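Only this structure's heavy atoms are used, side chains among them; waters, hydrogens and symmetry mates stay out. This is a predicted model, so every value here is computed, not measured.
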Amino acid sequence: MRSVFYWRILIVSIIALLLANVILLAAYTYVGKNTYISIEMANLEPEAEVTRQIYEEYKNGNVTEDALLRYIDKQTLASESAIMIADELGKPLIVRNIGSTVEMQDFGEYYRAEIQNILRGRTVENNDLKLLNGESAVSVGIPVHDSNGNVTGCILVIKQIQRIQSAFNQLNNVLTGTIFAIMPVVMLLVAFSTNRLSKPLHDMSNAAIEMSKGRFNVRANERASGEIGILARALNTLCDNLAQTIYQLQSEKRQLNQLLSSFTDGVAAIDNIGCLTHYNPALMKMFGAVEVKVPMDLVPDESIWDLFRSVYDSLEPASIHYALPNDRSLWITIVPVTDENGECIGVVGLFKDVTDLERLEKTRRDYVANVSHELRTPLTAVRGLLEPLSDGMITDEETRQRYYRIMLREVVRLSRLITDMLQLSRLQSGTEHMELHAVDLAELLQDTRQNYANEAAQRGILLKLDLEEIPFAMTDEDRVEQLLVILIDNAMRYTPEGGSITISAAETTGDRILVTVSDTGCGIAPEDLPHIFERFFKTDRSRKEGGTGLGLSIAKQIIDKLGENIYVESNPDTGTSFHFTLKKYISNAIALGPVGAGVVIHEETPNLQQARGSQDAPYEVLPNKHDKKTGKSEQSKRYQGDKKTKKR
């Protein structure tokens, strides 16, 4: 398909060529005719002069009349003119018009007016002679002199313009035919030249269009000579530079999008007219935006965007605390964006979700308050008993011993609280390691039940064991025993006299064993269930017998370190069941799966297991195996005599 430029150049060239030919023909018609008449008149004067010389020879007797007439006839026939010879009085002597149709009577006034001028010795020329027959003619008249220089007559040569016009028309027809014959050839040459001129420009135009569509691999033809080749090379250089610039911009844009997408904080940016330029998925998730076209689609709060505009106008950063539904909080920081000249070109806002930070801060404050309260309670009790003892106010030995027992119990409680806090801290920091090996879970449950049997009986609680055929477990035996102690101790604390506690274990369909500690106690309120594993959380703080509030937190951390799961089911006034899972023992080490950080696996057969050491007191920090005999609490020592020695 030819370009528009090609057709325009071709049409303009053809029109210019046609106009030039028309103007040339018109100029030739106008100027050529007059020039041709002038040429004919210039030829008539020598003809008249030759006729005069022959006529003078005739008068001198050198030429006969017949010879004179033959010459004049031959002359008029050759030049298609008429010749008239008159005497000194203007009377025509000879009139010959063989080559012309001019008659004597056609001269009219010209003969009477112009002949007198010739007889006065003047040479007369007239290129617009009007004959009486309506034709136009040209004429040249010269006088005839004698030997003395006197005018003795005149010679007048007349030629009709019709004759001149006929010859001119023939020449004009030849010229016109020649022009029309050459015109197609010239048009073809113009079309060919125009195509050679427009094709490189058309190719460059197509290349520029492809570049505008983002296809920077196209190139213009640089082989053309002159300015077109220079333009093509400049266009290709521009394309290379533009492609490199676009690639860099796209790369930077991708990096910016990836950076914004990786932010957990929300980011939004607007330009100087208030249109969104950047935002990330985190901000869309914060406000539940799905399709964003305008700023209000992203953040449906006009006050925030008013703050954006005020920052743009004032060039001063601003920060606000913004509350979201579901007790979520945002800290929004908005800053202006300026160019190198200091002019503001946009505004950027950072939306930081501070809900977790505020919750952690609240937890920290509560933790400090709880720790302070838990530490202050036994210390206050000990101080209240020590003061009367130190002042000697207690003289009764029995009362003094009762005071000592109370102080010992409060000191043990304080020691247990500090031990639990250290244990929980080490579990959360990852410094405690889990040593996994094959554990006879049935035997472990039986031993644990036996250890608590006497205490349960003293409280009037029935401690039952419900076991099925269960395989060995791949776990840390000491941690599982500590976990059972925590759950049983917690169940005994909230189970009234006459109630029961059941320890059970069953093999599930997968590769896990489900262990359950159930009681028939007071149960847990539904609103307390989500917080049951939090630090210092107590369902009934009015109970004097309540523990430190860290036991279930330690249990949750132990289960998390083992890679297992623990959950609770409870109904008020019907009882509570704590369930946790343990991995089955598999002799193939490859089937054990990935091992987490802080976990050491000992591949041992059950028959080669060493005897398990005694369990520490509830919530007591477990020492390493080589020093298990140290650091035992009072409660673990109470059960130590009843525990059996088992082989690992």
Side-chain angles (χ1 to χ4, degrees), residues 437-509 512-524 551-552 554-555 558-559 562 564-571 574-585 606 609 611-620 622 635-648:
H437 51 266
V439 176
D440 187 348
L441 186 59
E443 185 178 2
L444 177 61
L445 295 178
Q446 292 173 359
D447 290 347
T448 305
R449 186 258 179 195
Q450 184 65 34
N451 292 339
Y452 273 92
N454 293 334
E455 183 177 354
Q458 294 174 4
R459 292 174 178 259
I461 300 173
L462 178 61
L463 184 59
K464 299 184 294 182
L465 180 63
D466 183 10
L467 286 179
E468 298 179 1
E469 288 293 332
I470 56 175
F472 279 71
M474 190 67 182
T475 185
D476 189 320
E477 182 178 4
D478 293 334
R479 299 300 180 183
V480 174
E481 186 174 1
Q482 182 182 4
L483 179 59
L484 290 170
V485 168
I486 292 173
L487 296 180
I488 295 173
D489 183 74
N490 191 70
M492 293 181 63
R493 184 177 295 114
Y494 291 98
T495 300
E497 185 178 355
S500 64
I501 300 175
T502 303
I503 306 172
S504 63
E507 183 178 2
T508 63
T509 56
R512 290 293 190 273
I513 302 172
L514 182 64
V515 182
T516 302
V517 177
S518 303
D519 63 64
T520 59
C522 60
I524 304 173
L552 292 179
I554 295 175
I558 291 174
I559 285 296
L562 291 173
E564 303 294 345
N565 185 31
I566 185 171
Y567 60 96
V568 59
E569 295 176 346
S570 179
N571 292 313
T574 60
T576 303
S577 297
F578 282 89
H579 310 274
F580 64 91
T581 61
L582 296 175
K583 190 178 181 66
K584 296 178 185 178
Y585 171 76
Q609 294 177 353
R612 183 171 68 245
S614 59
Q615 171 63 34
D616 292 338
Y619 321 119
E620 186 69 29
L622 292 178
Q635 188 172 1
S636 66
K637 291 178 180 178
R638 184 166 68 244
Y639 297 138
Q640 187 173 359
D642 298 331
K643 293 180 65 176
K644 295 188 297 182
T645 303
K646 298 174 288 295
K647 297 198 182 263
R648 291 185 178 174

If you measure from [atom1] on [X] to [atom2] on [Y], what distance do you get to the nearest 0.5 Å?
X      : Y      : atom1 : atom2 : answer
Met492 : Ile461 : CE    : CD1   : 5.0 Å
Asp478 : Glu481 : CG    : CD    : 6.5 Å
Met474 : Leu582 : CE    : CG    : 12.0 Å
Asp476 : Leu483 : CG    : CG    : 11.0 Å
Leu562 : Ile558 : CG    : CD1   : 7.5 Å
Phe578 : Ile503 : CZ    : CD1   : 14.0 Å

Exam field: side chain [X] to backbone [Y], donor-acceptor pair closer than 3.5 Å:
X      : Y      : result
Glu564 : Lys583 : yes
Thr581 : Val515 : no
Thr520 : Ser500 : yes

Please enumerate all residues that pass side-chain hydrogen bond (donor to acceptor under 3.5 Å, both in side chains) together with Thr502, with sequence neighbours excluded. none
Set out, in order, the CA-CA distance, both residues' side-chain angles and the distance that settles side-chain contact (heavy atoms from CB on, under 4.5 Å) for Val439 and Val480, then state yes or no. CA-CA 10 Å; Val439 176; Val480 174; over 6 Å; no
Are any non-hydrogen side-chain atoms of [X] and [Y] less than 4.5 angstrom apart?
X      : Y      : result
Leu487 : Phe580 : yes
Asp489 : Tyr452 : yes
Arg512 : Asn565 : no
Ile501 : Thr495 : yes

All side-chain contact (heavy atoms from CB on, under 4.5 Å) counterparts of Pro471, not counting sequence neighbours: Glu507, Ile513, Lys584
What residues, two or more places apart in sequence or in another chain, satisfy side-chain contact (heavy atoms from CB on, under 4.5 Å) together with Leu467? Ala442, Leu445, Gln446, Leu465, Ile470, Ala505
Where is the tightest heavy-atom contact between Ala491 and Asp519, given as atom of each residue plus distance? CB-OD2, 3.6 Å
Residue pair Pro496 / Gly521: nearest heavy atoms and the distance that separates them: CD-CA, 3.8 Å
Check each of Asn490, Ile524, Asn571 against Thr576 using the side chain to side chain contact (heavy atoms under 4.5 Å, CB included) test, and report the only one that passes. Ile524
